[in-house]
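Take a look at the structure below.
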Amino acid sequence: MTDRHVDPERAQFDAFKALPRDTPIHMLNLVRFRAEAAYPAEHPLAGKGLSGAEAYAHYGRDSGPVFERLGGRVVWRGTMEAMVIGPADERWDAVFVAQYPDSGAFMAMVTDPVYREAVVHRQAAVETSRLIRCAPGTAETKGFA
């Protein structure tokens, strides 16, 4: 797989930045881990045999304080059980929704020096992912409309 969908492409990030910046946002995260983490050769954890899930736990531990300091929180987390509609071979190891007070908080997180050091764990851990910005809604409507 040449395009692993681990980091945003420039056009995607530009589209994100063009959206309103002063409203709360939800980020739907779908993550598939590598069987074995792939750290750069010079990283202290390279060759230690960590799984992708273990490397992702390092990412969460190191980036979590930045996420929380900027007002982020996980508002929903679940475990994928079965693909009901979609590619039968698609699976996700981590599924969650992160809430940010606004997109400025997300942008501050991804440019924070502590976060930038932590992201090496995510890059080592992730085989592929999807990160989808959503405007928070309510569940008050009946049905799916």
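The analysis underlying the following values was restricted to heavy atoms, covering all of them including side chains, and did not include hydrogens, waters or symmetry mates.
Between the E54 side chain and the S51 main chain, a donor and an acceptor come within less than 3.5 Å of each other. At least one donor-acceptor pair under 3.5 Å links the side chain of D93 to the backbone N or O of F33. A donor-acceptor pair under 3.5 Å is absent between the side-chain atoms of R133 and the main chain of I25, judged by distance alone.
Under the 4.5 Å side-chain criterion, counting only non-hydrogen atoms from C-beta, R91 is not in contact with M83. You'll find the side chain of Y115 stays beyond 4.5 Å of the side chain of L70, heavy atoms only. Considering only heavy atoms from C-beta on, M107 comes within 4.5 Å of R21 through its side chain. Taking 4.5 Å as the limit, every side-chain heavy atom of K48 sits out of range of all side-chain heavy atoms of Y39. V120 places a side-chain heavy atom less than 4.5 Å from the side chain of P40. Using a 4.5 Å cut-off on side-chain heavy atoms (C-beta onward), S63 and H121 make no contact. Looking at D62 and E117, their side chains never come closer than 4.5 Å, going by heavy atoms from C-beta outward. A heavy-atom distance below 4.5 Å is not found between the side chains of R77 and V95.
E127 has a carboxylate O that lies under 4.0 Å from a charged side-chain N of R32, or vice versa, which qualifies the two as a salt bridge.
At a threshold of 4.5 Å between side-chain heavy atoms, the hydrophobic network of Ile, Leu, Val, Met, Phe, Trp and Tyr places M27 and V75 in two separate groups. By the rule that hydrophobic residues join a cluster once side-chain heavy atoms approach within less than 4.5 Å of another member, L30 and V74 end up as members of separate clusters. Side-chain heavy atoms closer than 4.5 Å link hydrophobic residues (I, L, V, M, F, W, Y) into clusters, and following such links, even through other members, never connects Y59 to V97. By the rule that hydrophobic residues join a cluster once side-chain heavy atoms approach within less than 4.5 Å of another member, L19 and M109 end up as members of separate clusters. No path of Ile, Leu, Val, Met, Phe, Trp and Tyr side chains, each step under 4.5 Å between heavy atoms, connects V31 with I132, placing them in separate hydrophobic clusters.
Side chains of R122 and S129: a donor-acceptor N/O pair is present below 3.5 angstrom, by distance only.
Counting all heavy atoms, side chain and backbone alike, G71 lies closest to P101 at O-CD, 3.5 Å. For the pair P136 and P24, the tightest heavy-atom approach, listed with the atom from each and the gap, is CD-O, 3.2 Å. Of all non-hydrogen atoms in T128 and W92, the two that sit nearest each other are O-CZ3, 3.9 Å. Taking all atoms of both residues into account, the shortest heavy-atom contact from A125 to A55 is CB-CB, 3.7 Å.
Around the CZ atom of R116, the shell of radius 6.0 Å holds no more than 12 heavy atoms that belong to other residues, nucleotides or ligands.
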- Query: Can E68 and R73 be said to form a side-chain contact (heavy atoms from CB on, under 4.5 Å), step by step?
  - Reply: CA-CA 6 Å; E68 292 169 3; R73 67 187 184 99; over 6 Å; no
- Evaluate the side-chain contact (heavy atoms from CB on, under 4.5 Å) criterion for residues V126 and V6: first the C-alpha distance (whole Å), next the side-chain angles of each, then the deciding distance (0.1 Å), finally the verdict. CA-CA 7 Å; V126 174; V6 176; 3.9 Å; yes
- F13 vs K17, side-chain contact (heavy atoms from CB on, under 4.5 Å): CA-CA, chis, key distance, verdict: CA-CA 6 Å; F13 202 61; K17 292 188 302 185; 3.8 Å; yes
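Using cut-offs of 30° and 60° for the angle between ring planes, the Y100 and F67 rings count as perpendicular.
Distance check: L131 CG to L28 CG gives 8.0 Å after rounding to the nearest 0.5 Å.
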